[in-house]
Amino acid sequence: MSTSNGQWYPAEWPDRIRALSRGELRPVAPRRAATVLLLRAGGDGLAVHMLRRRASMAFAGGAYAYPGGSVDPRDERDVPWAGPSRADWAARLGTDAATAQAIVCAAVRETFEEAGVLLAGRTPETVVADTTGDEWEADRAALVSRELSFADFLERRGLLLRSDLLGPWARWITPEFEPRRYDTWFFVAALPEGQRTRNASTEADRTVWTAPAEAAAGYDRGDLLMMPPTISTLRSLLPYATPADTLAASGERDLTPVLAQARLVGEEIVLSWPGHEEFTKRIDQQAAQRSDRETGQQAGRQAGQQADRETDAQTDAQTDRPIVSGRSGTSGPAGADA
């Protein structure tokens with residue numbers, strides 16, 4: 001893996017892009033996914049909850065992201081529902097009603113699975129205030145293992161999914177040359193009063209609440225590793241001072257999907273994300289070979305550091321830490337991204 005600033009850049013991209021251009025690589029269909037930017041009022045303004053993916057993860061290891069994941073087919077089942085109708089969500093997301101429900105359901109379910117935060121209540125006007133305790137944890141674990149569907153979980157507890165607590169924010173689709181592809185909808189949501197986040201994900205070794213400007217500055221310095229959708233959505237929070245302001249703005253957000261484009265210019269690959277010029281890359285063959293060597297060297301270093309990270313993660317797992325400036329492998333803020 002290579003980086004430009006703090007951007008995630010897999011070493012295998014050049015070879016896969018060339019194979020795609022020669023017709024030797026057939027794009028896989030992207031899986032539907034949802035991720036949530038949890039927000040709260042911080043001391044100096046807006047704060048967002050982030051996870052750091054474990055360095056051992058095959059996909060975007062060491063990168064910072066938000067709680068999220070793939071749609072479970074059972075997310076299309078009828079669920080106890082409050083807020084805008086499924087038809088309203090379908091119109092907003094540009095899908096049919098069943099797909100819209102599944103995406104919204106996945107966003108709420110994954111937020112509970114990975115952050116312990118539940119956007120649901122006993123009435124359309126209330127939200128649960130505490131999701132701690134052994135019984136909640138048992139249900140959360142059953143959801144993660146897919147032993148329990150989200151619909152059954154809500155029905156058994158007499159809860160309604162509060163779709164009105166989510167605001168649609170962006171949509172990114174993983175490039176066609178990637179072996180793991182996601183069609184990911186990003187949402188914003190305010191942390192419900194009385195609830196708190198925790199690192200409930202087996203895929204993350206650290207969680208934090210951080211000011212968007214501070215995390216973006218860490219990316220720009222090369223200290224914090226992020227994929228294009230993460231840093232893009234992080235920067236998009238900068239104009240807003242409160243969760244309420246952010247949610248109010250979600251109704252006007254452009255949900256046109258962002259999909260990377262790659263073209264060959266001689267031996268050079270030009271990789272771009274339409275509308276996001278900062279991510280444009282030009283990769284020549286020599287640079288690709290250097291990246292391969294760096295990846296091998298980095299893999300050796302990561303293997304030696306992994307035990308230390310796991311020990312450190314055990315200390316951090318139950319609490320959210322403030323952001324600390326530093327290299328992404330040692331400190332700083334830390335879902336499925338596109």
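Note that the structure is predicted; figures quoted are calculated from it, not measured. These values consider heavy atoms only, across backbone and side chains, with no hydrogens, waters or symmetry-generated copies.
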Close side-chain approach of [X] and [Y], heavy atoms under 4.5 Å:
X: Ile269; Y: Phe177; value: no
X: Pro67; Y: Glu110; value: no
X: Arg140; Y: Phe112; value: yes
X: Pro168; Y: Phe187; value: yes
X: Tyr240; Y: Val188; value: no
X: Glu176; Y: Arg181; value: yes
X: Leu38; Y: Tyr66; value: no
X: Trp89; Y: Leu166; value: yes

Tell me whether Asp72 is salt-bridged to Arg109, with the criterion being a basic N under 4.0 Å from an acidic carboxylate O.
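Arg109 and Asp72: not salt-bridged.
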
salt_bridge(Arg86, Glu76) N-O dist < 4.0 Å:
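No, Arg86 and Glu76 are not salt-bridged.
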
Donor-acceptor pair, side chain of [X] and main chain of [Y], under 3.5 angstrom:
X: Arg162; Y: Thr126; value: yes
X: Glu155; Y: Pro80; value: no
X: Thr184; Y: Ala33; value: no
X: Thr99; Y: Asp96; value: no
X: Arg196; Y: Thr132; value: no

[X] and [Y]: which non-hydrogen atoms are nearest, and at how many Å?
X: Ala120; Y: Leu161; value: CB-CA, 4.4 Å
X: Ala190; Y: Pro243; value: CB-CB, 3.8 Å
X: Gly251; Y: Arg92; value: O-NH2, 3.5 Å
X: Leu143; Y: Arg146; value: O-NH1, 2.6 Å
X: Arg74; Y: Ser149; value: NH1-N, 3.7 Å
X: Val28; Y: Pro179; value: CG2-O, 3.6 Å

Candidates Val36, Leu119, Val108, Leu247 - the one meeting side-chain contact (heavy atoms from CB on, under 4.5 Å) with Leu165:
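Filter result, single survivor: Leu119.
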
Quick one: list whatever passes side chain to side chain contact (heavy atoms under 4.5 Å, CB included) with Arg157, sequence neighbours left out.
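Partners of Arg157 by the side chain to side chain contact (heavy atoms under 4.5 Å, CB included) criterion, ordered by chain and then number, come out as Glu135, Trp136, Asp139, Phe153, Leu159.
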
Run the side chain to side chain contact (heavy atoms under 4.5 Å, CB included) test on Arg16 and Leu25 for me, step by step, so that the C-alpha distance in whole Å, both residues' side-chain angles and the decisive distance to 0.1 Å come before the verdict.
CA-CA 7 Å; Arg16 295 188 64 84; Leu25 180 67; 3.5 Å; yes

With a cut-off of 6.0 Å (strictly less than), are more than 12 heavy atoms of other residues, nucleotides or ligands near CZ of Arg22?
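Atom CZ in Arg22 is crowded, with more than 12 foreign heavy atoms closer than 6.0 Å.
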
Let me confirm one number: the [atom1]-[atom2] distance from [X] to [Y], rounded to the nearest 0.5 Å.
X: Asp152; Y: Arg156; atom1: CG; atom2: CZ; value: 8.0 Å
X: Leu255; Y: Phe186; atom1: CG; atom2: CZ; value: 11.5 Å
X: Leu224; Y: Tyr219; atom1: CG; atom2: OH; value: 11.0 Å
X: Lys281; Y: Glu278; atom1: NZ; atom2: CD; value: 10.0 Å
X: Thr111; Y: His49; atom1: OG1; atom2: NE2; value: 9.0 Å
X: Arg26; Y: Leu20; atom1: CZ; atom2: CG; value: 12.0 Å

Does Leu160 share a hydrophobic cluster with Leu118, counting links as ILVMFWY side-chain heavy atoms below 4.5 Å and allowing steps through other members?
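No, Leu160 does not connect to Leu118 through the hydrophobic network.
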
Pair Tyr182, Thr35 - check side chain to side chain contact (heavy atoms under 4.5 Å, CB included), show working.
CA-CA 11 Å; Tyr182 301 93; Thr35 191; over 6 Å; no

Verdict with reasoning, Gln195 to Thr131, per side chain to side chain contact (heavy atoms under 4.5 Å, CB included)
CA-CA 7 Å; Gln195 294 193 40; Thr131 59; 3.9 Å; yes

Could you walk me through whether Phe279 and Ser232 pass the side chain to side chain contact (heavy atoms under 4.5 Å, CB included) test, one step at a time?
CA-CA 10 Å; Phe279 304 129; Ser232 174; 4.1 Å; yes

Tell me which one of Arg31, Arg32, Arg171 satisfies salt bridge (charged side-chain N to carboxylate O under 4.0 Å, His left out) with Asp183.
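Result: among Arg31, Arg32, Arg171, Arg171 is the only option passing the salt bridge (charged side-chain N to carboxylate O under 4.0 Å, His left out) with Asp183.
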
Assess, by modelled atom type and distance only, whether the side chains of Thr233 and Trp169 contain a donor and an acceptor separated by less than 3.5 Å.
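There is no such pair (donor and acceptor under 3.5 Å, judged by atom type) between the side chains of Thr233 and Trp169.
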
